[in-house]
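What follows is a short report on a single structure.
One-based numbering, in listed order, for ligands and for the atoms of each.
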Amino acid sequence: MEMVTIPGTDLEVSRIALGTWAIGGWMWGGTDEKTSIDTIHAALDKGVNLIDTAPVYGFGRSEEIVGRALKQYGRRTQIHISTKAGLAWQDGKVSRNSLPARIGEEVEASLKRLQTDVIDIYFIHWPDPKVPFEDTAGVMERLKKQGKIRACGVSNFSPDQMDVFRQAVDLHLCQPPYNIFERDIEDNILPYCKRNSIALMTYGALCRGLLSGKMTSDRDFSGDDLRNYDPKFQAPRFDHYLTAASRIEQLARERYQRTLLAAAVRWVLDMGAAIAIWGGRRPEQMDPIEDIAGWQIDGAFKSAVDAILAETIPDPVGPEFMAPPAR
Ligand SMILES: NC(=O)c1ccc[n+]([C@@H]2O[C@H](COP(=O)([O-])OP(=O)(O)OC[C@H]3O[C@@H](n4cnc5c(N)ncnc54)[C@H](OP(=O)(O)O)[C@@H]3O)[C@@H](O)[C@H]2O)c1
């Protein structure tokens with residue numbers, strides 16, 4: 001497993017993090033606790049030592065399951081948890097809330113659900129335009145001084161928003177979306193983080209399964225699965241993205257004898273992410289972890305991917321549909 005040290009901290013983490021949104025069930029058509037715990041253990045067995053979760057994933061369920069899985073596994077000091085604050089929910093409706101009082105309550109609830117006394121990496125999940133960023137950042141600084149969190153991060157923030165946030169606290173990580181199909185960060189966030197030694201821990205490496213190598217046009221998304229309304233999964237775009245995925249798969253096989261999934265995660269890491277979050281909920285989904293290490297993509301592969309995207313996706317769309325509303 002490739003490891004990386006988060007600048008400004010002593011945290012040494014795996015460059016692949018397990019994402020546990022689907023493990024919470026909400027927006028992913030439900031969850032199964034035993035299978036979820038087995039998935040977390042499978043990732044840990046393969047050398048992953050960073051688990052990403054959030055209170056909003058299943059309204060506490062994902063954090064509870066992560067807490068139970070880590071309790072059973074032991075070795076807590078060798079495993080790092082990243083979780084988040086700044087989203088509130090009522091009757092299943094989510095909105096942004098980074099008021100200092102809310103963050104103070106959230107951290108206590110997360111520590112309890114995770115059955116731990118310290119959160120290794122704490123993110124503000126989405127920028128809340130109704131609360132000055134300095135105020136939220138001030139709470140993060142206080143939590144760090146109190147020893148409740150080790151490293152501070154923001155998710156889905158722009159460079160301007162990070163500039164303000166950093167006036168009140170050292171910012172160690174940034175968590176934006178990034179994968180072969182969602183590349184907005186290349187223009188601004190990626191160079192900003194590089195310039196300011198902020199570790200990029202990006203989410204959606206497999207683009208909600210489109211880059212897994214297993215997605216098909218007749219896949220049925222049950223219940224509240226977000227792909228029922230994700231614009232990439234609607235006609236005619238779904239076919240465009242599937243065609244692109246299949247061409248990239250062929251390229252990865254010809255050039256490197258690698259799968260689409262391995263090339264997609266490798267691409268994220270080699271384009272500049274310190275850590276790629278990969279979402280899974282079944283233990284066998286963790287099998288390909290070992291295919292990611294020990295090789296790199298080159299400039300020719302990157303250019304060939306760019307050419308495939310230009311030829312196959314006439315009307316690209318980003319992950320904006322996931323953004324929760326302000327209060
Ligand atoms: N900060 C934020 O705002 C934010 C937003 C989104 C996500 N995240 C984090 O990032 C994580 C990952 O993002 P994501 O959940 O959107 O998805 P992702 O990693 O892009 O993709 C997850 C999807 O890939 C599929 N998959 C995983 N491993 C597979 C394998 N070996 N073979 C075939 N399919 C496989 C899963 O399939 P199935 O559907 O079959 O299970 C799931 O649909 C989340 O869990 C969360 O921790 C953060």
Return yes when R219 approaches ligand 1 closer than 4.0 angstrom through a heavy atom, no otherwise. yes
Among G24, C207, A54, which one puts a heavy atom closest to atom 20 (O) of ligand 1? C207
Under 3.5 Å, is there a donor-acceptor pair between the T20 and S62 side chains? yes
Counting heavy atoms only, which of R281, M201, H125, R227 comes nearest to atom 43 (O) of ligand 1? R227
Quick one: look up the protein heavy atom nearest atom 19 (O) of ligand 1 and list residue, atom name and how far away it is. G279 N, 2.8 Å
Proximal candidate to atom 18 (P) of ligand 1 [heavy atom criterion; set K84, R208, E182]: R208
Can you tell me the protein heavy atom closest to atom 30 (C) of ligand 1 and the distance? L261 CD1, 3.6 Å
Taking distance alone, with N or O pairs closer than 3.5 Å, would you say W21 contacts ligand 1? yes
How far is atom 31 (N) of ligand 1 from its nearest protein heavy atom, and which residue and atom name does that atom have? Q285 O, 3.0 Å
If you apply the rule ring-ring contact (aromatic ring centres under 6.0 Å, His included), what do you find for F133 with F157, and how did you get there? CA-CA 10 Å; F133 295 130; F157 275 53; 5.4 Å; yes
Does ligand 1 have any atom sitting under 4.0 Å from a heavy atom of Y57? yes
Pair T312, T243: side-chain N/O donor-acceptor within cut-off below 3.5 Å: no
Any heavy atom of M215 sitting closer than 4.0 Å to ligand 1? no
Is the shortest N/O to N/O distance between P288 and ligand 1 below 3.5 Å? no
Answer with yes or no whether M286 contacts ligand 1, where contact means a heavy atom under 4.0 Å from a ligand atom. no
Pairs of nitrogen or oxygen atoms closer than 3.5 Å, one from E284 and one from ligand 1: do any exist? no
